[in-house]
Novice: 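My structure is below; once you've seen it, I'll send some questions.
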Amino acid sequence: EGHHVIHAYTAGNEPYHIWERFEGVDTNKDAAYLALKEERAAPMWEAIRRRVPRVEEGVVVRQIGTPLTHARFLRRHRGNYGLALAAGGGFEVP
C-alpha cells in the first residue's frame, strides 16, 4: 500500500566512451555492464542517503539508466540529452 517515487539524475554529461564496449551486448545479462551501472550510480545513492539514510530498505523498484539506455529507448545520439551549454556562456531563446 502506498509508495513514493524518488527520481534522481545527474547532468547529462556521462562520458559515452566508457559505455561503448557494451553496444550490441545483452546488457540485462552482462555482469561487467551491470557492475559499471552500480559503480556510476553509487555517488547519486550516497547523496540520496544523506537525506534519507535508510532509503534502500524500502526500495520496491530500482532503475538505473545509462547513455546506452538513452540511446536505445529515447533514440538519443550517443545517449545524450538536454542542452549542451558551456559554463559562463550565454544562451538566447530564439
Side-chain angles (χ1 to χ4, degrees):
E1 180 170 328
H3 299 320
H4 296 280
V5 173
I6 297 175
H7 180 179
Y9 55 92
T10 61
N13 60 356
E14 177 74 358
Y16 191 79
H17 71 274
I18 66 173
W19 300 98
E20 282 181 305
R21 64 186 168 128
F22 300 108
E23 288 179 336
V25 171
D26 184 349
T27 54
N28 291 315
K29 297 178 182 175
D30 189 281
Y33 176 79
L34 298 173
L36 183 59
K37 279 176 60 167
E38 293 296 329
E39 174 188 324
R40 301 299 290 180
M44 190 163 39
W45 278 102
E46 290 171 21
I48 294 168
R49 278 192 297 276
R50 283 196 291 272
R51 295 286 185 197
V52 187
R54 296 177 12 224
V55 65
E56 290 157 316
E57 293 176 20
V59 171
V60 176
V61 175
R62 181 175 186 239
Q63 296 178 323
I64 301 171
T66 71
L68 294 180
T69 308
H70 288 250
R72 184 171 55 253
F73 291 105
L74 304 176
R75 311 259 317 143
R76 303 298 301 177
H77 175 69
R78 296 176 63 82
N80 68 355
Y81 65 93
L83 299 172
L85 300 175
F91 176 72
E92 291 185 30
V93 177

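When reading the values below, keep in mind they use all heavy atoms of this one structure, side chains included, and skip hydrogens, waters and symmetry mates. Numbers here are sequence positions counted from 1.
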Novice: Rounded to the nearest 0.5 Å, how far does CH2 of W45 lie from CD1 of I6?
Specialist: 6.5 Å

Novice: Do R40 and P15 have side-chain heavy atoms sitting under 4.5 Å apart?
Specialist: yes

Novice: Should I18 and L68 be counted in the same cluster of Ile, Leu, Val, Met, Phe, Trp and Tyr side chains packed under 4.5 Å apart?
Specialist: yes

Novice: Roughly how far apart are L36 CG and F22 CZ, rounded to 0.5 Å?
Specialist: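 Answer rounded to 0.5 Å: 5.5 Å.
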
Novice: Decide whether M44 and V59 are clustered together by the hydrophobic rule: side chain heavy atoms of Ile, Leu, Val, Met, Phe, Trp, Tyr closer than 4.5 Å, transitively.
Specialist: yes

Novice: Going by heavy atoms in the side chains, are E23 and Y16 under 4.5 Å from each other?
Specialist: yes

Novice: Which pairs with one or both residues in residues 54-68 pass side-chain hydrogen bond (donor to acceptor under 3.5 Å, both in side chains), sequence neighbours excluded?
Specialist: Y33-T66, E38-R62, R49-E56, R54-E57, T66-T69

Novice: If you apply the rule side-chain contact (heavy atoms from CB on, under 4.5 Å), what do you find for K37 with T27, and how did you get there?
Specialist: CA-CA 10 Å; K37 279 176 60 167; T27 54; over 6 Å; no

